[in-house]
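Here's the structure we're looking at; comments come further down.
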Protein chains: 4
Amino acid sequence: MQNTVTSELAQKYRSVRNHSVKICEPLEIEDYVVQPVVDVSPPKWHLGHTTWFFETFILIPNLPDYKVFDEQYNFVFNSYYETVGARVIRTDRGNLSRPSVSDVYCYREYVDGKMEEFLESDLIDKSIEDLMNLGLNHEQQHQELLLTDIKYILGHNPLFPPYHKGSFHENLNKKSVETVRFPEGIYEIGFEGEGFCFDNELGRHKVYLNHFEIEKDPVTNEEYLEFMKAGGYEDFRFWHAEGWDWVKENRAKSPLYWHFIDGEWFNYTLEGLKRIDLNEPVCHVNFFEASAFAAWKGMRLPTEAEWEVASEKINWGKRWEWTNSAYLPYPGFKKEAGAVGEYNGKFMVNQMVLRGASEATPKGHSRKTYRNFFPTNLQWQFMGIRLAK
Amino acid sequence: MQNTVTSELAQKYRSVRNHSVKICEPLEIEDYVVQPVVDVSPPKWHLGHTTWFFETFILIPNLPDYKVFDEQYNFVFNSYYETVGARVIRTDRGNLSRPSVSDVYCYREYVDGKMEEFLESDLIDKSIEDLMNLGLNHEQQHQELLLTDIKYILGHNPLFPPYHKGSFHENLNKKSVETVRFPEGIYEIGFEGEGFCFDNELGRHKVYLNHFEIEKDPVTNEEYLEFMKAGGYEDFRFWHAEGWDWVKENRAKSPLYWHFIDGEWFNYTLEGLKRIDLNEPVCHVNFFEASAFAAWKGMRLPTEAEWEVASEKINWGKRWEWTNSAYLPYPGFKKEAGAVGEYNGKFMVNQMVLRGASEATPKGHSRKTYRNFFPTNLQWQFMGIRLAK
Amino acid sequence: MQNTVTSELAQKYRSVRNHSVKICEPLEIEDYVVQPVVDVSPPKWHLGHTTWFFETFILIPNLPDYKVFDEQYNFVFNSYYETVGARVIRTDRGNLSRPSVSDVYCYREYVDGKMEEFLESDLIDKSIEDLMNLGLNHEQQHQELLLTDIKYILGHNPLFPPYHKGSFHENLNKKSVETVRFPEGIYEIGFEGEGFCFDNELGRHKVYLNHFEIEKDPVTNEEYLEFMKAGGYEDFRFWHAEGWDWVKENRAKSPLYWHFIDGEWFNYTLEGLKRIDLNEPVCHVNFFEASAFAAWKGMRLPTEAEWEVASEKINWGKRWEWTNSAYLPYPGFKKEAGAVGEYNGKFMVNQMVLRGASEATPKGHSRKTYRNFFPTNLQWQFMGIRLAK
Amino acid sequence: MQNTVTSELAQKYRSVRNHSVKICEPLEIEDYVVQPVVDVSPPKWHLGHTTWFFETFILIPNLPDYKVFDEQYNFVFNSYYETVGARVIRTDRGNLSRPSVSDVYCYREYVDGKMEEFLESDLIDKSIEDLMNLGLNHEQQHQELLLTDIKYILGHNPLFPPYHKGSFHENLNKKSVETVRFPEGIYEIGFEGEGFCFDNELGRHKVYLNHFEIEKDPVTNEEYLEFMKAGGYEDFRFWHAEGWDWVKENRAKSPLYWHFIDGEWFNYTLEGLKRIDLNEPVCHVNFFEASAFAAWKGMRLPTEAEWEVASEKINWGKRWEWTNSAYLPYPGFKKEAGAVGEYNGKFMVNQMVLRGASEATPKGHSRKTYRNFFPTNLQWQFMGIRLAK
């Protein structure tokens with residue numbers, strides 16, 4: 001493989017890897033360790049797991065005489081790859097005080113050193129380059145998870161410590177009232193062209209869509225507050241049966257991180273506890289809440305096909321946007337062989353697709369064909385709502 | 001409304017209502033009472049609930065001076081209608097020894113008498129006729145549930161009592177190896193024409209399908225046994241992640257009702273415990289099992305659109321067939337106002353569509369546009385598998 | 001063995017066995033089947049289990065050529081005897097519609113017939129007589145359980161059906177305010193003399209007691225209502241830590257079966273729902289409630305030794321009375337070998353002793369040395385409170 | 001109060017407080033944070049909670065103008081004192097990354113500084129001295145908990161990091177085969193004399209004991225291994241019913257921390273993973289295991305009265321020894337008023353008494369009248385077995 005390709009790859013490798021470390025800079029050592037709920041992984045686990053990915057899938061099979069950093073780390077840092085052997089059960093991640101944070105940083109340095117060595121070698125072919133790109137995109141996904149998990153850890157601490165000043169500081173304009181219309185007909189969706197994409201985006205194909213309209217901007221806190229004030233969380237008619245069970249069981253009455261203090265709504269942000277900003281797109285709502293809000297408005301969530309078709313005419317990128325499409329394979333989808341085949345396909349059931357990207361998504365890691373997905377009850381990602389009809 | 005319409009309606013009413021009673025004829029009184037798992041309702045509850053439907057939605061609002069049979073029954077026999085008030089929690093249905101079976105039959109007779117009176121009156125307009133048809137189709141759905149629940153109750157008793165001789169006795173031919181092919185293009189799906197359908201079938205619309213092939217016959221026990229013998233339940237690669245968790249948690253190794261006795265596979269049927277019939281379509285598999293079987297075969301489950309398009313060229317009607325389509329609204333779907341609007345819409349999340357009908361489906365209650373749906377882990381319906389690619 | 005002994009035994013056998021049937025006379029068939037909570041067994045299970053006891057421990061080992069009624073019944077009707085083989089798990093008892101009630105009565109008749117045959121034979125020696133007495137006392141224990149379980153089944157039905165008129169109908173006098181005093185010193189407790197007792201009562205032994213006083217009568221509903229009105233269920237200071245958790249988790253605010261209707265307290269009795277009788281001894285309180293009440297009164301529960309020493313000077317027999325003694329072996333206690341050794345010893349942990357007897361205890365089945373025992377959270381027995389200091 | 005008393009108190013204060021810090025010296029910061037199971041608290045929580053005790057019960061009510069270190073800490077570091085207000089739920093202790101370890105040490109220094117100031121004042125009367133002694137003994141109890149919890153945290157880490165070299169390093173002699181006999185008669189138990197004791201030891205009183213024998217030394221690993229090899233964990237006859245459920249549910253087959261590696265038994269010790277030392281007293285068994293071992297030996301556990309009577313003639317101090325006495329109040333026990341009254345009394349139900357002390361007990365914190373207590377299923381304390389008959 002040509003030098004320019006590998007040197008670009010090496011540069012990209014360094015840049016992505018450094019960004020993970022940078023995200024963790026404001027943390028105390030203690031913040032790296034805890035797992036307050038099963039979905040939230042300790043930051044040091046993210047740092048170790050993304051490193052393990054390169055060690056396991058690149059270095060061990062490809063770098064001659066590579067010596068594994070610590071035989072036990074496969075057990076500690078494997079996430080869900082059945083192919084790769086036994087692993088710490090997910091709920092136990094927050095019970096492990098060791099490896100220490102400093103051990104994990106040593107692990108990163110060791111693997112990064114070996115990767116530099118490997119990237120300078122002439123051992124890299126197209127299939128390894130693809131795997132490298134998968135590893136880097138994988139790490140970028142975990143960078144977003146790092147931010148969401150850090151927010152959860154600090155935002156659920158009774159002391160509400162801020163993450164750092166100036167996170168996502170921006171002037172937001174008022175939401176536009178505009179909608180965009182699309183006529184009935186055949187459209188195409190799915191990835192095409194050069195560059196990286198995940199396997200679940202492949203298989204560009206035709207879909208037939210009825211006429212639809214979609215709002216140019218996502219739903220704001222102001223609009224969502226109206227729903228809350230109108231009794232949205234007390235009226236079963238807007239909710240799926242399963243959503244209504246969720247409301248009652250969790251006594252839900254607002255998005256995650258919202259607190260009603262002395263007659264006013266605050267929310268925990270990465271800068272600390274703040275009064276709600278009415279102009280901001282609503283954040284940290286789950287699929288049930290997004291659907292109930294839409295039902296209350298007499299509208300609906302878009303399908304993922306509608307969203308993708310409309311993507312160039314709407315403003316997106318601040319919130320992952322719930323669609324009313326279940327996460328299912330595109331026509332002709334095939335799982336790859338081996339552990340990498342476990343990346344996406346096995347999750348294609350009982351989850352809903354989110355489209356777009358959020359302010360926590362790393363730069364360069366978003367595409368209009370990107371298919372994010374989460375179970376319907378989770379709120380902890382930077383998730384919002386866009387309306388269609 | 002014309003006499004002929006109402007007399008036809010009255011005849012249909014009698015015929016459907018009698019069929020429920022007929023299904024229960026072989027039961028002992030004790031069989032009417034128990035609820036071995038939350039999904040299985042006691043037969044007497046089905047008999048009461050279907051009666052409550054007519055009392056609540058037809059008689060109370062429409063028959064002047066109608067006197068409710070027992071004020072408490074609304075609490076006992078409401079299933080999930082939030083609009084209609086408080087109800088016995090679902091898990092408690094099997095804890096109620098009263099109303100007794102004989103009370104429930106009195107309730108049926110009382111309501112049937114009043115319904116006859118009502119059907120002879122001139123009070124029936126189109127909207128009432130529609131509601132009547134909904135009530136009758138609702139009762140037919142519960143007739144299938146009655147059979148599946150009776151099978152569960154008797155089939156999980158250590159004495160394996162037969163339901164009755166001659167249930168579903170038929171000569172089955174060997175499965176055909178034929179497949180049917182359909183070219184890429186625009187197709188239409190959804191209900192059209194006269195007659196009854198549920199609201200979830202409405203909104204006939206165009207879909208764009210890629211080229212596909214579909215097997216003429218559903219998968220047999222013989223084929224499924226091969227999957228089992230090949231280690232299908234021990235190899236995570238064929239399973240969704242959630243399906244694999246289900247396998248491990250339940251130590252699943254066969255469809256529901258199968259027992260390995262002295263080196264041979266038997267299954268509980270409505271006629272009692274019998275050696276597996278290799279020619280029969282496999283039954284009582286959940287979505288995870290259906291998907292894993294298809295993956296093992298190198299094929300896949302059809303989508304519901306593919307199934308409907310192919311429906312006139314394939315043999316169906318013995319098993320509900322899992323599709324790989326999530327249960328979601330058709331374009332333009334609108335929930336009706338009031339309690340009837342709770343019938344379908346609020347369940348459109350985290351379930352998969354089944355198409356076809358089963359040998360337990362009442363005659364006259366199946367259509368190619370019928371959308372049945374269940375959560376992915378349930379096996380207790382008469383569910384089978386059809387392959388596509 | 002002498003004829004008179006066996007004919008007395010036969011007479012006692014008939015009388016005890018008939019009493020179980022008599023208790024069930026007012027039931028509908030449906031009432032025999034259900035198990036609303038794990039502690040409550042279906043009445044038909046009690047009828048089968050007590051019969052199984054005689055079949056398993058008397059007839060099978062001792063009556064030549066005895067033919068087991070149904071090989072499956074050992075699985076269905078064994079309660080907890082590990083020695084005797086596999087059994088239906090306890091929570092599943094209410095899921096079994098078969099054997100039917102009529103099957104169970106046939107089983108009783110079959111075993112009773114064989115027992116008559118056996119009792120007329122000359123096969124009975126002292127050890128069999130002892131086992132017979134154990135079996136009869138075992139059945140008497142289940143007669144009390146039958147009543148408590150029937151009360152639970154009917155009392156938790158939304159229709160509140162009465163069991164039968166005239167159950168426990170008596171004129172109750174006002175509670176006496178008298179207490180009885182005992183000086184410090186050595187006393188003896190434990191069974192002595194002729195007649196039947198359980199192994200846990202054996203080993204009469206000396207205990208050293210400090211001076212104590214004990215109330216002549218158990219606590220009444222009137223006194224307990226004062227505790228409730230004084231906020232007893234809202235003040236953690238009166239409760240054990242575990243008891244306070246129980247209060248909060250169950251939102252407890254009264255004894256079992258009490259209902260606050262239109263500003264007044266009612267309770268479900270075997271005659272149906274009735275206004276609270278202020279003179280009656282309070283019933284259906286658990287150990288936590290009994291202790292909290294005593295703490296609120298500035299008094300305490302007696303120990304079982306104190307109770308036994310005082311037993312001839314106090315009025316007892318209407319309620320099982322919670323003591324503050326844990327259920328532990330008397331000095332020198334030895335488990336018997338074999339299945340019969342599983343009767344008592346293995347339960348001697350994490351339960352508290354109750355002394356006395358209740359109105360549901362069969363005549364002739366109470367003694368001042370009788371040691372009843374239950375976990376601290378259960379209310380469903382006929383349990384009350386006596387105070388000491 | 002005299003200077004000598006307060007200066008002794010100050011010296012004791014310093015010495016006890018320093019010992020807690022010393023115990024934590026070998027820890028990494030990460031080890032201070034985690035809570036792998038609900039019973040194990042994070043070390044930093046112990047350090048904060050013991051400090052909170054002095055702040056809440058000594059400084060706030062008694063030191064004029066005392067300024068609370070951080071108002072939020074009452075919420076974070078209260079353990080179970082209902083009297084003192086809301087608190088972090090126990091299962092959440094391990095989810096809190098803040099206050100950081102360094103914050104907690106600042107808290108200790110602040111409170112210690114104020115305590116020195118207070119101890120030099122003339123504000124200390126007898127009741128404050130008593131409270132001080134309670135606080136110091138409370139901290140000593142938490143020092144033992146610190147060690148048991150640290151052992152759990154490190155011993156359940158897949159890397160098995162040692163705590164530190166030389167922990168509890170001692171030469172152990174072989175167990176003596178001697179037993180000590182005591183004749184039937186009246187004995188006295190309970191605390192008497194000068195010095196500190198807990199309220200649950202008060203009320204010295206007479207007990208009547210039957211003749212008994214007790215072994216001079218606790219049961220060794222060698223003896224316990226024989227029990228394991230003889231199938232002790234597979235034979236229900238040795239176990240309480242509840243104990244047998246515990247065995248099956250947890251698939252128990254050895255004490256906590258034991259691992260069977262390549263055909264040999266190892267256990268995790270504070271010095272790391274080591275081959276079992278056969279001469280050591282068995283450790284980390286729960287009440288069920290202790291009882292089952294005794295039953296297998298044809299012996300029994302002593303009562304707490306027997307233990308106390310024998311205490312001067314037996315070797316104790318390496319293991320907390322399970323007795324067969326339930327944790328109940330001594331005759332005449334009275335809870336103190338206020339929060340301090342919550343210390344012991346409210347736990348007197350469903351726990352068993354342990355007597356003695358362990359190698360993890362701080363020097364000067366053991367007495368023959370000391371009543372330790374734990375629920376029957378817990379193994380994580382340094383618990384062993386002594387036999388009696």
Side-chain angles (χ1 to χ4, degrees), chain B residues 24 26-45 48 69-78 85-89 91-105 107 149-163 272-273, chain C residues 24 26-45 48 69-78 85-89 91-105 107 149-163 272-273:
Chain B
C24 294
L27 302 186
E28 301 283 344
I29 287 181
E30 293 86 342
D31 301 328
Y32 283 91
V33 180
V34 300
Q35 179 182 33
V37 291
V38 59
D39 303 299
V40 166
S41 293
K44 73 170 178 152
W45 186 88
F69 181 73
D70 187 316
E71 294 289 350
Q72 292 274 32
Y73 281 21
N74 187 49
F75 181 71
V76 174
F77 291 125
N78 181 3
R87 58 189 187 275
V88 167
I89 57 168
T91 46
D92 267 359
R93 288 178 190 163
N95 296 338
L96 302 188
S97 58
R98 316 287 180 93
S100 68
V101 173
S102 127
D103 292 338
V104 172
Y105 278 118
Y107 181 38
D149 291 357
I150 290 167
K151 185 170 183 179
Y152 196 98
I153 288 164
L154 301 179
H156 283 78
N157 190 296
L159 311 178
F160 292 125
Y163 165 61
L273 202 63
Chain C
C24 294
L27 302 185
E28 301 283 344
I29 288 182
E30 293 86 341
D31 301 328
Y32 283 91
V33 181
V34 300
Q35 179 182 33
V37 292
V38 61
D39 303 298
V40 167
S41 293
K44 72 169 180 154
W45 185 88
F69 181 74
D70 186 316
E71 293 290 350
Q72 293 274 32
Y73 282 22
N74 188 48
F75 181 72
V76 174
F77 291 124
N78 181 1
R87 58 190 188 275
V88 166
I89 56 169
T91 47
D92 268 358
R93 288 178 190 165
N95 297 336
L96 302 187
S97 59
R98 315 286 180 92
S100 68
V101 172
S102 127
D103 292 339
V104 172
Y105 277 117
Y107 181 38
D149 291 358
I150 290 167
K151 184 168 183 179
Y152 196 98
I153 288 164
L154 301 179
H156 283 77
N157 191 295
L159 310 179
F160 293 124
Y163 166 60
L273 202 62

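All heavy atoms count here, side chains included; hydrogens, waters and symmetry mates do not. Below, chains carry the letters A, B, ... as their sequence lines are ordered, and counting in each starts from 1.
Among the candidates B:Pro161, B:Ser102, B:Pro158, the residue making the largest number of heavy-atom pairs closer than 4.5 Å to chain C is B:Pro158. Of the listed residues (C:Arg98, C:Glu28, C:Gln72, C:His156), the greatest number of heavy-atom pairs within a distance under 4.5 Å of chain B belongs to C:Arg98.
Within the 4.5 angstrom heavy-atom criterion, only side-chain atoms of C:Val76, from C-beta onward, approach chain B.
The minimum heavy-atom distance linking B:Ile29 with C:Ile29 is given by the pair CG2-CG2, 3.8 Å.
For the side-chain contact (heavy atoms from CB on, under 4.5 Å) with B:Ser97, the qualifying choice from C:Val33, C:Leu159, C:Asp31, C:Ile150 is C:Asp31, the only one to do so.
Listed in order of number, the residues of residues 35-44 of chain C that approach chain B to under 4.5 Å between heavy atoms are C:Gln35, C:Pro36.
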